[in-house]
Amino acid sequence: MMFPERHSRNNIEPSSDFYLPAFFIAVLFAINLSPVPFMAVRAAEIPLAQRQSGFELMQAETQAMQRNDLSNPAMLWVREGEKLWDEKPGENGQSCVACHGVVTGMAGVAASYPTLDTASGRPIDLTGRIQQCRTDRQRASAWPRESRALLAMASLIGLQSRGMPIMPAPDPISKAGAARGKALFNQRVGQLNLSCAQCHDDNWGRKLGSATIPQGHPTGYPIYRLEWQGVGSLQRRLRNCLAGVRAEAFPFGADALIDLELFLMERAAGMTVETPAVRP
Amino acid sequence: MRRIAPLRRMLSAFAGLMMTSIGLGAAGALAQDLPVVPYRIESGGISAPLGGRQGDAGRGRKLVTDRRKGLCLLCHSGPFPEERFQGDLAPSLAGIASRLTAEKIRLRIVDSTAINPASLMPPYHRIEGLVEVGAAWRGKPILTAGEIEDVVAFLGTLRD
């Protein structure tokens, strides 16, 4: 098997006193070593022309499951979301439909989240906005994280943007969050000392055990994941990866996870929303 | 023996304070109690077996093919016909002993980033300089000194 020529990138190292000696050791031994192609990394970012959804790497059967709404299990969540859209959960009798109208009016919303929450002056993700509507406008209790109802509502709203291009929020606060997210993406973490970028920028398309590494775009969330036998959020997926490299996973709702999502949306700008996607 | 144990623990703790993972050579009995034993890098390798241990190739093979412990086959393939789904992020382990000496194999497992800081390979016997390590794994290397020697012994048998 051939492996492409790679060149080193200088932004993936955590700052630590270890790396200074390590750098000198590396320089010293570089003189003795024969070329070791695996020891370097690929170019930093995925060229536009090579950008692709994880959909492209899936087996035909899984693709077919996503393509047809009648076979896509996530559509069950969407159906539940449609019921919730009309419900009046709180004491003030407000439903989603009362303010927003028919749900098709939410087209394009999910394609540009996370975005600036003007009230708090901080970025907010779609889940956070749904919860805000629940507690502030409907006077109802927030849904538990990863609950079926919350995922159902997020899937329903996400579906309204299906086929539309991802448009990252343009405001400076969201952009600053995306910049922090990019730093996290490139930071080696955990006992296994791996960054997101080392797999999803440098080695997508290759095999990690039985799994084909995708580019890691947020085009289809919430997704129905065969491994989960259910629908889950992007944050759940990010936490999976963090646990996989034996890192301390950020808690659900953490700013760091929203920053990462902001960066992923920026990285996937222009790609097509697939929600609700199916993944292996 | 019982009366010696506390003294040995004290000495171990002292050794832990005095030794860093890179630089000091003397391992000996004290090192067995440390999560990471000291070692010395020379000529692109580590010549002394970690903690002065003799590895066992049979145990090493089990570690290499254990996807939760050694993790090797997530990235590498090798001469393991019974193992499905071997990774392709890294070179095949087949014939590694004809390409690399035991000394060089040992360093690559202990801390591949000592050779190239950009290396994808996790540092199997380094706990310093890691970021956001999960609580269950903090302060522990991926493999102990003895396990590393087992893997080195096994990889040393892969000549073809």
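Each chain gets a letter, A, B and so on, in the order its sequence line appears, and its residues count up from 1. Being a predicted model, the structure only gives us computed values, none of them experimental.
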Under the 3.5 angstrom rule, does the side chain of Glu248(A) hit a backbone N or O of Ala135(B) as a donor-acceptor pair?
-> yes

Taking Gln191(A) for its side chain and Gly134(B) for its backbone only, find out whether a donor-acceptor pair lies under 3.5 Å.
-> no

Here the gap from Asp88(B) atom CG to Lys207(A) atom NZ, rounded to the nearest 0.5 Å, amounts to 8.0 Å

Among Trp137(B), Tyr124(B), Phe85(B), residue most engaged with chain A (heavy-atom pairs, under 4.5 Å) | Trp137(B)

SG/Cys75(B) to CG/Leu194(A) distance, rounded to the nearest 0.5 angstrom?
-> 7.5 Å

Ile142(B) versus chain A, heavy atoms under 4.5 Å apart: side chain, backbone, both or neither?
-> both

Heavy-atom nearest pair, Val131(B) first then Arg188(A), reads CB-O, 3.6 Å

With only heavy atoms counted, which part of Leu242(A) is less than 4.5 Å from chain B, the side chain, the backbone, both or neither?
-> neither

Gap between atom CG of Leu89(B) and atom CG of Asn203(A) - 0.5 Å precision = 5.0 Å

Return yes when atom CZ of Arg67(B) has more than 12 non-hydrogen atoms of other residues, nucleotides or ligands closer than 6.0 Å, and no otherwise.
-> yes

With a 4.5 angstrom heavy-atom cut-off, which part of Arg68(B) approaches chain A: side chain, backbone, both or neither?
-> backbone

What is the distance from atom CD of Glu132(B) to atom CG of Leu184(A), rounded to the nearest 0.5 Å?
-> 8.5 Å

Closest non-hydrogen atom pair, Leu192(A) against Pro122(B) | O-CB, 3.4 Å

Tell me, for Arg84(B) versus chain A, whether the close heavy atoms (under 4.5 Å) come from the side chain, the backbone, both or neither.
-> neither

Atom pair OG (Ser210(A)) and CG (Leu73(B)), whose distance is rounded to the nearest 0.5 Å = 12.0 Å

